[in-house]
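Take a look at the structure set out below.
Quick note: residue numbers are just sequence positions, from 1.
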Amino acid sequence: MILEKIKKPNDIHKIALADFPQLAEEIRRFLIESVSHTGGHLASNLGVVELTLALHNVLDFPEDKLIWDVGHQAYTHKILTGRKDDFKTLRKEGGLSGFPKRKESSCDSFDTGHSSNSVSAGLGYVRARDLLKQKHHVVSVIGDGALTGGMAYEALNNAAELDTNFIIIINDNNMSISQNVGGISTYLSALRTAEVYTGMKLNVTKTLKKIPRVGTAIVDTVRKTKSSIKQLFIPGMLFENMGLTYLGPVDGHNMRQMMKLFNEAKRVEGPVVVHVLTQKGRGYTPACNHPDRFHGTGPFDIKTGKALEEKKESSYTDVFSRAVCRCAEKNKKVVAITAAMPEGTGLKHFSKAFPDRFFDVGIAEEHAVTFGAGLALGGMIPVVAVYSSFLQRAVDQILHDVCMQNLHVIFAVDRAGLVGADGETHHGCFDLSYLTMMPNMTVMAPKNAWELEEMMKFAVNLKGPCAVRYPKGAAYQGLAQYQAPVEKGKSEVLYRGRRIAVLGVGSMTAVCEQVCEGLKGNGYDPTFVNVRFVKPLDTELLDELAADHDLFVTVEENVKNGGYGEHVAAYMEACHRNCRVLPVAIWDRFVEHGSVDSLRAKIGLSAPEIQRAIEEYED
């Protein structure tokens with residue numbers, strides 16, 4: 001096997017070009033086999049095998065810098081830099097990350113996980129290289145889906161000022177996680193039909209270079225002018241008009257063509273965009289037919305493509321999906337917004353049931369929020385459904401455009417808390433901190449599936465901004481006997497005891513149930529509270545409990561700084577100084593990848609660890 005010859009970075013330079021197609025096939029077979037056992041991002045990685053091979057052929061690592069936008073398509077890059085044998089540990093605790101990680105390899109130039117930032121990071125590398133008078137190449141690979149994010153254009157605008165080489169590769173597969181939408185998708189689709197231009201351009205370049213003495217100078221002049229030959233054939237070139245040289249489109253599965261174009265790009269004295277056309281899921285029929293399903297997959301049967309673990313229970317996303325559709329049926333002002341994730345956020349059914357009230361804005365969370373603000377001012381009730389990790393990208397818009405104007409925008413915050421295998425870039429551990437600091441914001445967290453539905457109904461009828469945050473995974477069905485009506489700012493006392501009050505937030509309520517049972521077994525008589533509202537704080541209940549409780553244990557799957565526990569501690573310090581507060585939360589750290597249960601145990605958020613902390617605090 002040719003793949004066995006790849007043991008360390010740059011070993012690919014020892015492989016004959018004639019063997020590259022076979023190497024590509026071996027890598028595809030390895031990826032399919034490996035991910036079928038571990039789970040991971042399959043479709044995106046299958047689509048960039050040849051692209052990655054071509055890049056590694058023309059670059060030297062770790063001297064040259066390669067930045068992957070999002071980074072979930074870097075599996076082939078990891079293989080070619082000597083990490084193949086670690087793939088059995090992919091996305092497992094202590095194992096290989098599913099994203100580039102600088103501490104994992106010096107060939108990983110940037111820790112990625114979010115979209116649309118690769119050009120900015122690459123531009124920083126370029127400026128540093130030039131200031132230090134270094135000579136290496138910097139390449140940023142950005143997907144066409146990521147080009148719907150505004151940050152990419154901020155960086156492209158800035159990059160246009162360069163007079164030194166910077167290579168930007170557009171990996172154009174017409175997909176983000178779901179089908180792309182919007183103007184940039186339409187624009188790139190038009191460019192895809194202009195493949196004839198690539199061959200014409202290369203032929204013109206070769207012909208001009210053959211002119212004695214002046215040929216190369218003519219080519220350089222053509223490259224540097226905005227009135228290039230290209231403008232005669234493809235009017236209104238977006239990238240050229242911004243001051244960026246455009247090369248392509250090129251077949252992203254033809255390695256020789258890509259190598260030729262990449263080597264040409266390396267000679268450009270300025271920023272150059274290389275437009276590469278790839279097929280998501282290439283080489284594996286189920287992934288080609290269902291690229292969204294194989295974007296991120298669990299273990300599966302290779303022959304059928306079917307998941308090995310069939311989903312048995314409804315997830316919180318499923319519950320939200322049903323709830324938001326029921327709200328929209330009853331109230332025609334309810335509209336839904338997603339940032340390129342209709343399936344991931346549970347809005348696919350809404351998009352079919354209410355197509356005129358569904359808006360996919362692309363990978364543009366900041367725009368999604370302010371767009372929602374405009375909808376609210378126009379008389380609608382927008383529901384912005386987004387993963388907690390990605391909502392971080394729109395903090396200013398939530399604060400300035402929604403909360404400052406006290407607008408009725410509902411944030412359905414999915415994947416709140418620990419999410420598992422995707423790790424530190426995807427955990428939703430900060431939303432309680434930044435949302436509760438904002439005036440006018442109401443923040444809720446349901447204890448189970450029933451309560452999520454009730455909170456969505458409540459949110460639609462509330463005035464002002466509000467967020468409902470819920471975790472990834474199966475919706476908890478326990479504590480079903482407790483169904484007190486949802487009232488603004490009111491917690492739910494599940495049962496009363498004395499001295500110790502355990503206050504669980506959202507996903508941690510199920511864990512707190514185990515904690516309270518354990519405490520009872522050891523002779524304690526705790527009060528168990530389902531917090532429900534992280535903001536506004538239920539000070540009335542805190543005052544009431546302070547009369548016969550001296551220890552308040554707050555439990556949340558959020559960082560401690562700025563979280564619910566700190567709010568309770570501040571209130572008790574001001575009003576009930578005789579009461580102690582033990583905040584159980586994620587301390588000042590980023591949590592790496594692993595199973596949720598394992599991570600909780602590791603950072604002190606499992607039931608045994610919480611119970612032990614309470615009993616030690618009491619001793």
- Give a yes or no on whether a salt bridge exists between Arg293 and Glu343, defined as a side-chain N under 4.0 angstrom from a carboxylate O. no

- Check whether the ring centres of Phe552 and His576 lie less than 6.0 Å apart, and answer yes or no. no

- Would you give the length of the straight line joining atom OG of Ser97 to atom NZ of Lys78, rounded to the nearest 0.5 angstrom? 4.5 Å

- Item | Criterion salt bridge (Lys or Arg N to Asp or Glu O under 4.0 Å) on Lys348 and Asp292, from CA distance to verdict | CA-CA 12 Å; Lys348 194 70 175 180; Asp292 49 352; 5.8 Å; no

- Go through Glu557 and Leu605 one step at a time and tell me if the side chain to side chain contact (heavy atoms under 4.5 Å, CB included) criterion holds. CA-CA 8 Å; Glu557 208 166 46; Leu605 285 181; 4.2 Å; yes

- Message: Quick check: do Met341 and Val386 have side-chain heavy atoms less than 4.5 Å from each other?
- Response: no

- Shortest non-hydrogen pair, Asn522 vs Gln611, comes out as ND2-NE2, 3.1 Å

- Keeping the roles fixed (side chain from Thr338, backbone from Asp360), state whether a donor-acceptor pair exists under 3.5 Å. no

- Message: If I take atom CG from residue Leu541 and atom OG from residue Ser491, how far apart are they, to the nearest 0.5 angstrom?
- Response: 5.5 Å

- Please check if the side chain of Asp69 supplies one atom and the backbone of Ser118 the other of a donor-acceptor pair under 3.5 Å. yes

- Message: Quick check: do Val443 and Val413 have side-chain heavy atoms less than 4.5 Å from each other?
- Response: no

- Message: Check whether His77 reaches the backbone of Gly71 with its side chain - one donor and one acceptor, N or O, closer than 3.5 Å.
- Response: no

- Message: Closer than 3.5 angstrom, by distance alone: can the side chain of Asp548 be matched with the main-chain N or O of Arg498 as a donor-acceptor pair?
- Response: no

- Query: Should Asn578 and Asp550 count as side-chain neighbours, where that means a heavy-atom distance under 4.5 Å?
  - Reply: no

- Apply side chain to side chain contact (heavy atoms under 4.5 Å, CB included) to the pair Glu366 and Met151, showing each step before the final yes or no. CA-CA 10 Å; Glu366 298 164 38; Met151 186 176 178; 5.7 Å; no

- Under-4.0 Å salt bridge between Glu424 and Lys101: yes

- Evaluate the side-chain proximity of Glu513 to Lys447: yes if any heavy-atom separation is below 4.5 Å, no if none is. no

- Between His427 and His593, is there a donor-acceptor pair closer than 3.5 Å when you use the side chain of the first and the backbone of the second? no

- Query: Are a donor atom and an acceptor atom from the side chains of Ser389 and His114 found within less than 3.5 Å of each other?
  - Reply: yes

- Looking at the rings of Phe110 and Tyr125, which for Trp means the six-membered one, are their centres under 6.0 Å apart? no

- Query: Relative to Phe528, does Lys520 satisfy both conditions: NZ or CZ under 6.0 angstrom from the six-membered ring centre, and within 45 degrees of the ring's axis?
  - Reply: no

- Do Val369 and Asp401 come within less than 4.5 Å of each other through their side chains, counting heavy atoms only? no

- Query: If you take all heavy atoms of Val395 and Met438, which pair is closest and at what distance?
  - Reply: O-CE, 3.6 Å

- Give, for atom CG of Leu537 and atom NZ of Lys535, the distance between the pair rounded to the nearest 0.5 Å. 10.5 Å

- Query: So, for Ala146 and Ser116, which heavy atoms are closest and what is the spacing to 0.1 Å?
  - Reply: O-OG, 2.8 Å

- Query: Do Arg91 and Asp422 meet the salt-bridge criterion of a basic N to acidic O distance under 4.0 Å?
  - Reply: yes

- Minimum side-chain heavy-atom gap Pro536-Thr442 below 4.5 Å: yes

- Non-hydrogen atoms of Ala385 and Thr345 that approach each other most closely: O-CG2, 3.6 Å

- Arg496 and Glu544 ion-paired at < 4.0 Å: yes

- Query: Within the side chain of Thr89, is there an N or O that forms a donor-acceptor pair under 3.5 Å with the backbone of Leu96?
  - Reply: yes

- Message: Checking side-chain polar atoms at under 3.5 Å, does Arg469 have a donor or acceptor matched by the opposite partner on Ser507?
- Response: no

- Looking only at atom types and distance, does a side-chain atom of Asp301 sit under 3.5 Å from a main-chain N or O of Lys306, one as donor and one as acceptor? no

- For Val581 and Tyr617 the tightest heavy-atom approach is O-OH, 4.0 Å

- Run the salt-bridge test on Asp414 and Lys472 with the 4.0 Å N-O cut-off and return the result as yes or no. no

- Item | Test item: Phe294 and Val35 side chains (from C-beta on) under 4.5 Å apart, heavy atoms | no

- Message: For Ser321 and Asp318, which I'm curious about, is there any donor-acceptor pair between the side chains at under 3.5 Å?
- Response: no

- Check the pair Glu487, Phe458 against side chain to side chain contact (heavy atoms under 4.5 Å, CB included), reporting the backbone distance first and the verdict last. CA-CA 8 Å; Glu487 300 178 58; Phe458 175 85; 5.8 Å; no

- Identify the heavy atoms of Leu399 and Pro439 that sit nearest to each other, and give their distance. CD1-CD, 4.4 Å

- Salt bridge Lys560-Glu566, side-chain N to carboxylate O under 4.0 Å: yes

- Out of curiosity, Phe411 CZ to Ile398 CD1, how far, rounded to the nearest 0.5 Å? 4.5 Å

- Task: Flag the pair Val553 / Val515 as yes when at least one side-chain heavy-atom distance between them is below 4.5 Å, and no otherwise.
- Result: no

- Hey, is Glu609 close enough to Arg600 for a salt bridge, meaning N to O under 4.0 Å? no

- For Phe590, does the CZ atom have more than 12 heavy-atom neighbours from other residues, nucleotides or ligands under 6.0 Å away? no

- Message: Quick one: does any side-chain atom of Glu556 pair with a main-chain N or O of Gly565 as donor and acceptor, under 3.5 Å?
- Response: yes

- Looking at OG1 of Thr509 and CG of Leu503, how far apart are the two atoms once the value is rounded to the nearest 0.5 Å? 10.0 Å

- Query: Can a donor-acceptor pair be found between the side chains of Tyr571 and Asp543 at a distance below 3.5 Å?
  - Reply: yes

- Aromatic ring proximity, centroids under 6.0 angstrom, His41 and Phe99: yes

- Asn558 and Ser433: side-chain donor and acceptor closer than 3.5 Å? yes

- Query: With no hydrogens and no angle check, is any side-chain donor or acceptor of Glu454 less than 3.5 Å from a backbone partner on Val486?
  - Reply: no

- Message: Ile67 and side-chain contact (heavy atoms from CB on, under 4.5 Å): which single residue from Pro100, Ser120, Ser140 fits?
- Response: Ser140

- Taken to the nearest 0.5 Å, the spacing of Arg83 CZ from Leu90 CG works out to 11.0 Å

- Message: Does Glu540 have more than 12 heavy atoms from other residues, nucleotides or ligands lying within 6.0 Å of its CD?
- Response: no

- After noting the C-alpha distance and the side-chain angles of His400 and Thr370, does the key distance pass the side chain to side chain contact (heavy atoms under 4.5 Å, CB included) rule? CA-CA 9 Å; His400 187 277; Thr370 303; over 6 Å; no

